Asks: 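Handing you this structure, nothing more for now.
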Amino acid sequence: MRKTLVMLFTVFVITALGAFGADESLGTWELNVGKSKFNPTAPVRSLTMTRGAAEGGVNLATTGEQADGTKINSSYSAKYDGKDYPVTGASWDTISIKQVDSNTFTTVTKKTGGKYKSTGRTVISKDGMSMTTTSKGINAEGKPFNYTMVWEKQSGDQSGIDATTSTHSSPITPTTPTKPKPGKQ
């Protein structure tokens with residue numbers, strides 16, 4: 001009986017760790033500005049985010065264009081441990097992330113010595129093809145903001161195993177049909 005309980009507990013722990021450890025956010029995502037909501041106004045015209053696997057976290061690069069036409073090029077590497085990690089090219093200079101489950105993350109971003117601070121929650125849809133980020137906070141001018149950003153998956157493995165290509169299928173190689181040999185029909 002004890003051996004059975006130990007085995008069941010072990011299977012439960014491995015299953016729980018596997019489910020928690022998956023990261024459905026990996027891949028390339030494009031912001032759907034039309035489906036997103038910004039208060040007071042949309043600060044961006046376009047955004048593309050690429051999320052790659054990193055030990056215990058994520059490597060992220062974002063490119064796009066602000067509403068005034070200024071180019072966006074920001075990046076960071078962060079673990080999902082809730083500690084602050086440096087960010088370059090954004091209105092904030094630190095981010096902390098916690099992974100709630102394979103489809104949910106919470107974040108805190110802030111500007112050291114500045115007014116900017118926000119809290120957010122990101123949820124990936126069950127099919128892995130859309131991601132919604134809600135956030136609220138205080139911008140660099142000290143004014144409140146909130147938004148709901150809707151992202152659409154562009155590329156990446158839907159299982160969260162590989163950040164760039166699917167591992168679920170192999171490429172299709174064209175073949176030339178062969179002619180039957182005479183007398184073997």
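Here the structure is a predicted model, which is why all the values come from computation and not from measurement.
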Asks: From T88 OG1 over to Y76 OH, what is the distance, rounded to the nearest 0.5 angstrom?
Replies: 11.0 Å

Asks: Do T148 and T134 pass the side chain to side chain donor-acceptor pair (under 3.5 Å) test, and can you show the C-alpha distance, the side-chain angles, and the key distance before you say yes or no?
Replies: CA-CA 4 Å; T148 300; T134 56; 5.7 Å; no

Asks: Indicate whether the side chain of N103 and that of E24 have a donor and an acceptor atom separated by less than 3.5 Å.
Replies: no

Asks: For K136, is there any backbone N or O sitting under 3.5 Å from a side-chain donor or acceptor partner on S118?
Replies: no

Asks: Identify whether V123 and V58 are in the same connected component of the hydrophobic contact network (ILVMFWY, side-chain heavy atoms under 4.5 Å).
Replies: no

Asks: side-chain contact (heavy atoms from CB on, under 4.5 Å) between K83 and S96: does it pass, once the steps are laid out?
Replies: CA-CA 5 Å; K83 295 180 182 176; S96 66; 5.8 Å; no

Asks: Is it the case that one hydrophobic cluster holds both I95 and I72, taking links as side-chain heavy atoms less than 4.5 Å apart, direct or via other members?
Replies: yes

Asks: As a quick check of understanding, evaluate side-chain contact (heavy atoms from CB on, under 4.5 Å) for K71 and E65, giving each step before the final call.
Replies: CA-CA 5 Å; K71 297 293 180 196; E65 188 175 355; 4.2 Å; yes

Asks: Is there a side-chain contact between K98 and F105 (heavy atoms, below 4.5 Å)?
Replies: no

Asks: Check whether V108 and M49 end up in the same hydrophobic cluster, where Ile, Leu, Val, Met, Phe, Trp and Tyr are linked by side-chain heavy atoms less than 4.5 Å apart.
Replies: no

Asks: Looking at CG of N146 and CG of N39, how far apart are the two atoms once the value is rounded to the nearest 0.5 Å?
Replies: 4.5 Å

Asks: Can you name the closest pair of heavy atoms from S36 and N32 and give their distance?
Replies: OG-O, 2.8 Å

Asks: Determine whether the aromatic ring centres of residues Y80 and Y85 are separated by less than 6.0 angstrom.
Replies: no

Asks: Tell me the closest heavy-atom pair linking V33 and R45, and the distance in Å.
Replies: CG2-O, 3.3 Å

Asks: For E152, is there an ion pair with K35 - N to carboxylate O distance below 4.0 angstrom?
Replies: yes

Asks: With R121 as the cation and Y147 as the aromatic partner, state whether NZ or CZ is under 6.0 Å from the six-membered ring centre and within 45° of the axis.
Replies: no

Asks: Decide, yes or no, whether a salt bridge links K110 with D93 under the criterion of side-chain N to carboxylate O below 4.0 Å.
Replies: no

Asks: Can you confirm whether K111 is buried at NZ, in the sense that more than 12 heavy atoms of other residues, nucleotides or ligands lie under 6.0 Å from that atom?
Replies: yes

Asks: Hydrogens and angles aside, do N59 and S77 bring a side-chain donor and acceptor to less than 3.5 Å of each other?
Replies: yes

Asks: So do the side chains of T106 and I97 get within less than 4.5 Å of each other, counting heavy atoms only?
Replies: no

Asks: T94 vs V87, test: side-chain contact (heavy atoms from CB on, under 4.5 Å). Steps then yes/no.
Replies: CA-CA 5 Å; T94 65; V87 176; 5.6 Å; no

Asks: I need the single residue from T132, T122, L47 that forms a side chain to side chain contact (heavy atoms under 4.5 Å, CB included) with W151. Which is it?
Replies: L47

Asks: Between E141 and Y116, is the side-chain contact (heavy atoms from CB on, under 4.5 Å) condition met? List the steps.
Replies: CA-CA 8 Å; E141 292 79 38; Y116 188 98; over 6 Å; no

Asks: Can you tell if the side chain of K117 reaches within under 4.5 Å of the side chain of W92, non-hydrogen atoms only?
Replies: no

Asks: Over all heavy atoms of both residues, which pair between T119 and S135 is shortest? Give the atoms and the distance, please.
Replies: O-OG, 3.0 Å

Asks: Do you know the tightest heavy-atom contact between I138 and P144?
Replies: CD1-CA, 4.0 Å

Asks: Are the side chains of W29 and I124 in contact, using a 4.5 Å heavy-atom criterion?
Replies: yes

Asks: Can you see which heavy atom on L60 is nearest to which on T62, and at what distance?
Replies: CD2-OG1, 3.2 Å

Asks: Which heavy atom of A22 sits nearest a heavy atom of Q99, and at what distance?
Replies: O-NE2, 2.7 Å

Asks: For residues T28 and T48, determine if any side-chain heavy atom of one lies less than 4.5 Å from a side-chain heavy atom of the other.
Replies: yes

